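Just so it is clear, the values below take in all heavy atoms, side chains as well, and ignore hydrogens, waters and symmetry mates. If you're wondering where the values come from, they're calculated on a predicted model, not measured in any experiment.
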Amino acid sequence: MVESFFPIEKLLEKLGSSACEELLLFCGVKNDLQKLKETLTTVKSVVLDAEEKQAHNHRLSVWLGKLKDAYYDAEDVLDEFEVEDLRRQVMKQRSIGRKFRNFFGSSNPIAFHFRMGHQIKKIRERFDEIAKLRGEFNLIERLDDHRRVVHKEREPTHSFVLSSDIIGRDKDREKIIELLMQTSDGESETVSVVPIVGLGGLGKTALAKLVYNDQMVEEHFELKIWICVSEDFGERQIMTKIIKSITGQNQGDLDTDRLKRILRDHLNSKRYLLVMDDVWNEDPEAWRKLKSLLLGGANGSKILVTTRSRKVASIRTKIMKCAFKEERDKHPNLVKIGEEIVKKCGGIPLAVRTLGSVLYGSTDKRDWELVGENEIWKSEEKANDILHVLRLSYNQLPPHPKQCVAYCSIFPKDYQFNSHTLVQFWMAHGLLQSHNKNEDLEDIGIRYLKELLSRSFFQDLTFGILGVETFSFKMHDLMHDLALLVAKDESLVVNSDCQSIPKRVRHLSFAAANASRNDFSSLLSDLGRVRTILFSTDDGKTSQSFVESCISKSQFLRVLNLSEFALEVCPRKMGNLKHMRCLDLSRNYKIKKLPKSICELQSLQALILEGCLELEELPKDIRYLVSLRVFALTIKQKSLQESGIRSLGSLRCLSISDCRDLEHLFEEIDQLSLLRTLYIVSCPRLISWPPAIKYLSSLETLILSDCESLDLNLNVEMEGEGSNHDRKNTRPHLRRVFIVEITQLLELPQWLLQCCTDSLQSLVISDCPNFMALPGSLKDLEALEILVIAGCPKLSSLPEDMHHVTTLKSLLIEGCPALSERCKPPTGEDWPKIAHIPQINLDGKMIKSSDY
């Protein structure tokens, strides 16, 4: 089954752009362009109807598949025009002398126009043929999807499980805990297995979490371990995961015997609980081997397993908890419809929660009826009923978020997504669209993520740095199955059994390839349509020549991830990938130089060089990466003054980390007028702080960490004001400031406070051993909500006017002995200054001011 989720409107917008129309005029295809627009408009009007009817019509599904292929191929062709337009803009902005022309290589405009004109004609003819066939399906024109439920966005939930969110499971929990508390009478068996069995989506993992976090279980077992197994039941993999759960360290590079010794040392004579989530393997021999590894624990040790091997009858839930914001009793007519939907969901919590999220906040009876009466309930395909229910929620999504969900199929099950990285990938494929032209793509991506989280497409949300909108999350196995279903023939995870790569594949991942096969060259006959290639961490089995072969055959590549691949030399043909948007070379510790041709990638939006510890210098022409929005850099240079970074005018995020020799950044940093996030981390010799930083007009987040030589109290006012008086009104509006392990910091510099008087929401000062005083002007921070002070032993008191900071919602003080003593309620000298703050954490103890 092929799902249609392509936004034809996007093609029409590209065809109507001034750059495209100008170039197409030179190609002599004005008439073809007009006909193509008309055909696309006609097809667009029936796509929504076709999407809903394809479940019952295989030929219609095939027709949509052909339309999707044509759409992607047309998008690739139109992207050629955008790339050419960018090249022309760069040439116009810079000198057009021979040196510059040689830099970009020879380009024959006549040949380009002829070739592109031919391509446009072929696309127009192809869409004409597809459009003619639509009459066979009696499709209804519907420009507006009036059947899509629109609901208000809500905040995503946290990753931990609240018992109040798990309905009707008390008896199940009590029964499992009773089994876990039992100890065997004899000495023959020190460890036994307790299974939680049921269909995917029944809530097995949620139930296991309730048990795992129960106070009785906490007190009964000396050691608790949680691992997710999925389809990987290898002995080494299981041991590595268990050891990592216990110690937090990845020991996967050790040999098997060493892993066994470490495991037994940790389990020796301890009564432990091991939860193995999502186990598929039913091979008795594999279980026997595993059990022999785990026999070193004390009597009464247990293995709690969640698995899909058979159905569980004792499961109940209600859709109303997810669908109603408040007081369900006010809407008895909706409750009745909701109960019918629950019955159709077969009592599966994931299905109920997902559909409840679709209806969240809607009190329109028609919205509820449209879900309850949807065609999908009539589907005859019963083998995967749960997927059909989940697809109903998927069908309610707008086109672009649909593509975002499908894209996730290229990652393995149980993959830990990072919000920042996933948004970059979506951006690279042009999936982020907004009617507001002033909205940054990064903000659109975060908005999409929140929407998908609120609709239960993602789960297990974990926030990173306090106050920063960067978080990690996972996709439920069944949601991953749904992503695979809707992206069928478009994404492929290559494993050792793969014999070929179909021509329709657009996204490739070699993450599942293993040591049993290291020659994949026979698969590379046709990668002409591939847009994404992800390689796993190098295991020494995949050669550099194979990587170079992939690159040379993938002319439309937009995303290339070679993180931790142990590359020694960056592929020379990298500069040929003119459609490239996202290039990740992070943690390739042996790379010393980048090819000069990398600077020809004018469409590149993200370049990740973080952790490239041996990288000696940047190419001099890095300034020509005019589309670069994210730049993460580790380098051996002492100074970045001549690096050209200051000319990257599209930058939104700049990260400079682990630069052990770096002493100076670069002046005129204020040329980065769109920069929103600046990370300077682990640069121990950095002493220079560019004065012009106070004129970064778009800067919102500043993170400084582990820069022991950096003095923030440089006289930037005097140095910065002298040459550019016209910039006095161009100051940042910082929202988040993190200062961590800055040894030289005695107090917050005035220039920093002046940059955030009306905007600062989060201020974190941590592990600054010489920090002595918060400024009295703290009261002037009109928007401050979160204040964290940790590991600052010389800080002994709070400002006198602290009680005037009425916007503060959360205060954390830790590792500041003198200050903590003064802040203790109710007699501490500084307690009256903070008693108005709703949430106070004092050395790990939560304090409610209402209690005093």
Side-chain angles (χ1 to χ4, degrees), residues 156-185 189-198 202-229 241-248 266-279 294 296-307 312 314-318 321-322 349-350 353 459-463 472-474 476 810 812 814 825 838-848 850-851:
T157 57
H158 293 282
S159 60
F160 59 85
V161 173
L162 290 173
S163 57
S164 60
D165 287 340
I166 309 298
I167 303 171
R169 307 310 298 272
D170 291 339
K171 290 183 179 179
D172 293 331
R173 175 175 60 176
E174 291 169 5
K175 186 174 182 180
I176 293 171
I177 291 175
E178 182 183 344
L179 291 171
L180 293 179
M181 297 300 178
Q182 295 175 359
T183 56
S184 54
D185 297 330
E189 187 180 62
T190 60
V191 59
S192 56
V193 178
V194 177
I196 301 177
V197 188
L202 279 172
K204 300 182 298 296
T205 299
L207 179 58
K209 285 182 179 180
L210 279 179
V211 172
Y212 188 80
N213 292 306
D214 187 88
Q215 185 64 34
M216 289 178 60
V217 172
E218 184 78 34
E219 295 172 358
H220 183 74
F221 293 99
E222 299 175 66
L223 180 64
K224 294 196 305 175
I225 309 159
W226 183 291
I227 65 171
C228 182
V229 181
K241 288 180 179 181
I242 293 175
I243 293 169
K244 186 175 181 180
S245 177
I246 297 172
T247 67
H266 284 296
L267 300 182
N268 188 32
S269 300
K270 292 180 182 177
R271 184 161 60 198
Y272 65 83
L273 169 64
L274 168 61
V275 178
M276 300 178 66
D277 187 34
D278 196 23
V279 176
L294 302 173
N299 187 284
S301 295
K302 302 290 184 192
I303 303 173
L304 182 63
V305 174
T306 71
T307 180
V312 170
S314 57
I315 179 160
R316 302 170 305 281
T317 188
K318 293 291 183 182
K321 186 175 179 73
C322 295
L350 179 63
R353 188 170 69 246
Q459 63 180 28
D460 293 344
L461 179 66
T462 305
F463 286 96
S472 61
F473 48 91
K474 291 184 179 182
H476 192 285
S810 176
L812 185 149
E814 190 174 276
Q839 293 184 355
I840 301 172
N841 187 321
L842 198 59
D843 289 323
K845 182 181 179 181
M846 293 301 298
I847 297 173
K848 292 183 179 179
S850 59
D851 295 340

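For Ile840, the side-chain contact (heavy atoms from CB on, under 4.5 Å) partners are Trp831, Ile834, Ile837, Ile847, not counting sequence neighbours. Applying the ring pair (Phe, Tyr, Trp, His ring centres under 6.0 Å) criterion to Tyr272, with sequence neighbours excluded, gives no partner residue. Taking Ser472 as the reference, Gln416 meet the side-chain hydrogen bond (donor to acceptor under 3.5 Å, both in side chains) condition, with sequence neighbours excluded. For the side-chain hydrogen bond (donor to acceptor under 3.5 Å, both in side chains) test, residues two or more places apart in sequence or in another chain that qualify with Asp843 are Ser820.
For Lys204 (side chain) and Val305 (main-chain N/O), no donor-acceptor pair under 3.5 Å exists by modelled atom type.
If you take NZ on Lys474 and OG1 on Thr205, they are separated by 9.5 Å, rounding to the nearest 0.5 Å. Rounding to the nearest 0.5 angstrom, the gap separating the CD1 atom in Ile225 from the CG atom in Leu304 is 12.5 Å. Atom CG in Asn268 sits 12.0 Å away from atom CG in Leu223 (nearest 0.5 Å). Here the CG-CG distance, from Leu274 to Leu294, works out to 6.0 Å after rounding to the nearest 0.5 Å. Arg173 contributes atom CZ, which lies 10.5 Å from atom CG of Asn213 (distance to the nearest 0.5 angstrom). A distance of 4.5 Å separates CD1 in Ile227 from CE in Met276, rounded to the nearest 0.5 Å.
Inter-residue side-chain proximity for Leu180 and His220 is flagged as unmet; no heavy-atom pair is nearer than 4.5 Å. Between Asp460 and Lys209 there is a side-chain heavy-atom pair separated by less than 4.5 Å.
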Practice prompt. Check the pair Val217 / Tyr212 against side-chain contact (heavy atoms from CB on, under 4.5 Å), numbers first and verdict last.
Written response: CA-CA 7 Å; Val217 172; Tyr212 188 80; 5.9 Å; no
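A salt bridge (charged side-chain N to carboxylate O under 4.0 Å, His left out) check over residues 213-222, counting only residues at least two apart or in different chains, returns the pairs Glu218-Lys224.
Residue Met216 qualifies as open at atom CE: its count of foreign heavy atoms under 6.0 Å is 12 or below.
In this structure, Ala298 and Ser269 approach most closely via the heavy-atom pair CB-O, 3.7 Å.
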